[in-house]
Amino acid sequence: MQNRRKFLELVGTGGLALTLSRSLLRSDPRRPNVIFILADDLGYGELGCFGQKKIKTPNIDRLAREGMRFAQHYSGSPVCAPSRCVLLTGKHTGHAYIRDNDEMAPPGTDVWQHPEIEGQRPLAAGTFTLGTLFQRGGFKTAGIGKWGLGGPGTAGQPNLLGFDHFYGYLCQRQAHNSYPDHLWREIKKEPLANTYFSPHQKLPADKDPNDPQSYVPYLGKQYSFDVMLDDALNFIRANQGNPFFIYFTPTIPHLALQVPEDSVKEYEGAFPETPYKGESGYLPNRTPRATYAGMISRLDRGVGRIMDLLRELRLDENTLVIFTSDNGATATGGGGADTSFFESNGALRGQKATLYEGGIRVPLIARWPGTVAAGTVNSLVCAFWDFLPTFADLLGNRPPADTDGTSILPALLGNDKLQKQHEYLYWEYAKQYQAVRMGQWKAVRPHPSKPIEVYDLKTDEAERVDIAGRNLKTASLLAGIMNSAHTKSALFPLAGEK
């Protein structure tokens, strides 16, 4: 604690002091543990501390009260795999290796009829990741949850990319079912006490949609979130004497709508319900709203268990906990989720798989008692590619030269005067093309055949009024950034690109 007090005092006095303070961190044998919790498809407005009214998230709300909440933080992409690639490698989607979800099954294969086929496009061999950074810094590293960046036997397996330990789903398609028949421990398939069933089915016509017994086939004995959480808790206990980094990536609240009955009961009867019969993909569900809310509250309860263990082991003040989401909430109706009812993306336009704010602006909370000021809100415009340089800064190291990110450590430490600002943020996504955030301006090109749209987020956070026509100079500048920030990818070309 004496070193940490010196650290904070020095940080407050200027640039040279910041360098000296990082030196103190580097020499401190008790450098902070880091637990990075990445929710799956959790919208900007789905936490109480970000305005949610219907779903209870007391433990995550406490994280915000005891730490810093970022109001203008962005994911790496509007969908899973590229967002995680950006987070782990520090490169935005104009430079990243993975820029879209990409199945590796042979052409024409119905992957849902072949559950033995696992894995999406793998990261390249030797890719430098957050795991690599912490591993080289002397930390024990764990990836627990959904991976989605390389299946069994590929160069993209987490144990080959900086993680000492892995437990969870290698394949994000398998993660559509929260009652899988197996998970992966390191490079071995570990059976669970569940029988395999497809996560994409319709309720048979002869089944009563109001009868709970009609939905029993879509449940199992071991809920993946629970067993993955237990594994994370065990990793903390086993490594309490070492600095550790945990990349914890549960699949909540990604569809299908599945959660154990005790979590459904928290909300059953709280909302008007219409049974979902599987018409729009994923699994049928008798109480879709209660189930969705129950999933998020179960995630919250898991966060509480992690925090309780840190306090029990007296690791609380020496652990930086980060909580965020990989992209915005799914669209209403998809898989039975009623995200409009919950106002899951707040007042933001769009949802998962779009480059409007609702698809890429995500909650971010950072908690580190005694170091990150409690109960603070930061308006810094930042994104997933900032985490690699931030954690390098935390360890007193330099990030790879080709990172697109900027360390947000000064912001975390309350030193806004020392915080470097992004000139711009850039995204590309083949199905919805390109977007740029520069200061108060946001540009979206929804399709190569359509004109660029420009929004003033200072006055129009919901992106309702396209002002490109009366701001031609700004539109031209942002269009130029779209051209310069993009590098060609043979694997993920933009539409119309030669």
Side-chain angles (χ1 to χ4, degrees), residues 35-75 225 229 248-254 257 259-260 262-273 287-308 310-311 316 320-330 332 337-348 351-352 357-369 372-380 461-462:
I35 300 177
F36 195 105
I37 304 171
L38 183 68
D40 196 349
D41 292 3
L42 183 82
Y44 185 79
E46 291 190 317
L47 303 174
C49 53
F50 279 82
Q52 177 57 223
K53 303 301 183 186
K54 297 182 175 78
I55 302 171
K56 294 172 283 188
T57 57
N59 294 290
I60 300 172
D61 297 345
R62 181 179 175 181
L63 275 187
R65 290 196 305 272
E66 296 177 351
M68 182 177 290
R69 180 168 64 86
F70 285 77
Q72 298 190 84
H73 175 66
Y74 291 90
S75 67
F225 172 74
L229 174 63
F248 182 48
T249 58
T251 58
I252 293 175
H254 195 296
L257 291 170
V259 75
D262 62 318
S263 288
V264 177
K265 286 180 178 178
E266 288 185 52
Y267 293 97
E268 194 157 16
F271 317 124
E273 298 277 13
T287 54
R289 289 175 175 171
T291 300
Y292 191 80
M295 290 170 73
I296 293 175
S297 286
R298 198 173 192 90
L299 170 64
D300 177 80
R301 192 166 73 192
V303 171
R305 288 184 62 192
I306 291 172
M307 302 313 298
D308 287 346
L310 293 177
R311 295 182 189 102
D316 195 32
L320 169 60
V321 177
I322 303 283
F323 181 94
T324 187
S325 174
D326 64 346
N327 47 249
T330 192
T332 287
D338 193 350
T339 51
S340 294
F341 175 78
F342 291 111
E343 299 181 272
S344 295
N345 291 316
L348 304 178
Q351 62 281 320
K352 176 181 178 178
E357 293 289 284
I360 53 177
R361 193 187 293 199
V362 290
L364 173 63
I365 300 167
R367 178 190 183 275
W368 183 8
V372 173
T376 51
V377 179
N378 200 303
S379 59
L380 177 70
E461 197 171 50

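Sequence positions, counted from 1, serve as the residue numbers for this chain.
The CD1 atom of I37 sits 11.5 Å away from atom CG of L42, with the distance rounded to the nearest 0.5 Å. Going from atom SG of C49 over to atom CZ of R62 covers 13.5 Å, rounded to the nearest 0.5 Å. In this structure, CD1 on I60 lies 6.5 Å from CD1 on I365, to the nearest 0.5 angstrom. A distance of 3.5 Å separates CZ in R367 from CE in M307, rounded to the nearest 0.5 Å. Going from atom CZ of F248 over to atom CZ of F323 covers 10.0 Å, rounded to the nearest 0.5 Å.
Every side-chain hydrogen bond (donor to acceptor under 3.5 Å, both in side chains) that H254 has, sequence neighbours left out, goes to K352. Residues passing the side-chain hydrogen bond (donor to acceptor under 3.5 Å, both in side chains) test with Q72, sequence neighbours excluded: R437. By the salt bridge (charged side-chain N to carboxylate O under 4.0 Å, His left out) test, D40 pairs with R84, K146, sequence neighbours left out. Applying the ring pair (Phe, Tyr, Trp, His ring centres under 6.0 Å) criterion to F341, with sequence neighbours excluded, gives F271. Qualifying side-chain hydrogen bond (donor to acceptor under 3.5 Å, both in side chains) partners for E357, counting only residues two or more places apart in sequence or in other chains: Y74, R361, K442. Listed by chain and residue number, D308 satisfy the side-chain hydrogen bond (donor to acceptor under 3.5 Å, both in side chains) test with R311 (two or more places apart in sequence, or in another chain).
Between L348 and Y44 the shortest side-chain heavy-atom distance falls below 4.5 Å. Two residues are said to be in side-chain contact when any heavy atoms from C-beta on lie closer than 4.5 Å; V362 and H73 meet this criterion. T376 has its side chain out of reach of N378: every pair of non-hydrogen atoms, C-beta onward, lies at least 4.5 Å apart. Between F50 and R69 there is a side-chain heavy-atom pair separated by less than 4.5 Å. S75 places a side-chain heavy atom less than 4.5 Å from the side chain of I360. Within the 4.5 Å cutoff, no side-chain heavy atoms of T339 are placed close to those of Q351. Here the side chains of I306 and V321 are not in contact, with every heavy-atom distance at 4.5 Å or above.
Remark: the backbone N or O of A347 is not paired with any side-chain donor or acceptor of E461 at under 3.5 angstrom. N59 places no side-chain N or O within 3.5 Å of a backbone atom of V303 that could act as its donor or acceptor partner. Side-chain atoms of Q52 come within 3.5 Å of backbone atoms of I55 as a donor-acceptor pair (strictly under, hydrogens ignored). Looking only at distances, no side-chain donor or acceptor of T324 sits under 3.5 Å from a matching main-chain atom of L364. Judged by distance alone, with hydrogens and angles left aside, the side-chain atoms of E273 form a donor-acceptor pair with the main-chain N or O of A290 at under 3.5 Å. Looking at T291, its side chain never comes within 3.5 Å of a backbone N or O of L257 through a donor-acceptor pair. Checked by atom type and distance alone, the side chain of T57 never pairs as donor or acceptor with a backbone atom of D300 at under 3.5 Å.
The existence of a salt bridge linking D262 and R298 is confirmed by a sub-4.0 Å separation between a basic side-chain nitrogen and an acidic carboxylate oxygen. Comment: D338 does not engage K54 in a salt bridge, judged by the lack of any side-chain N to carboxylate O separation of less than 4.0 angstrom.
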Margin query: Before you tell me yes or no, could you show the steps for V259 and V264 under side-chain contact (heavy atoms from CB on, under 4.5 Å), namely the whole-Å CA-CA distance, both residues' side-chain angles and the distance that decides it to 0.1 Å?
Written below: CA-CA 7 Å; V259 75; V264 177; 3.4 Å; yes
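Counting only N and O atoms by type, the side chains of E46 and Y292 include a donor and acceptor under 3.5 Å apart. Side-chain N/O atoms of T332 and S340 include a donor and acceptor closer than 3.5 Å.
For the pair R289 and Y267, the cation does not sit on the ring face, since its NZ or CZ is not both under 6.0 Å from the ring centre and inside 45° of the axis.
Residues I252 and F225 share a closest heavy-atom pair of CD1-CG, 3.7 Å. The two atoms that bring L299 and P250 nearest to each other are CD1-CG, 3.7 Å, heavy atoms only. Residues N327 and D41 come closest through the heavy atom pair ND2-OD1, 2.8 Å. Counting all heavy atoms, side chain and backbone alike, A337 lies closest to T330 at CB-CG2, 3.8 Å.
Other residues, nucleotides and ligands contribute more than 12 heavy atoms inside 6.0 Å of the CD atom of E268.
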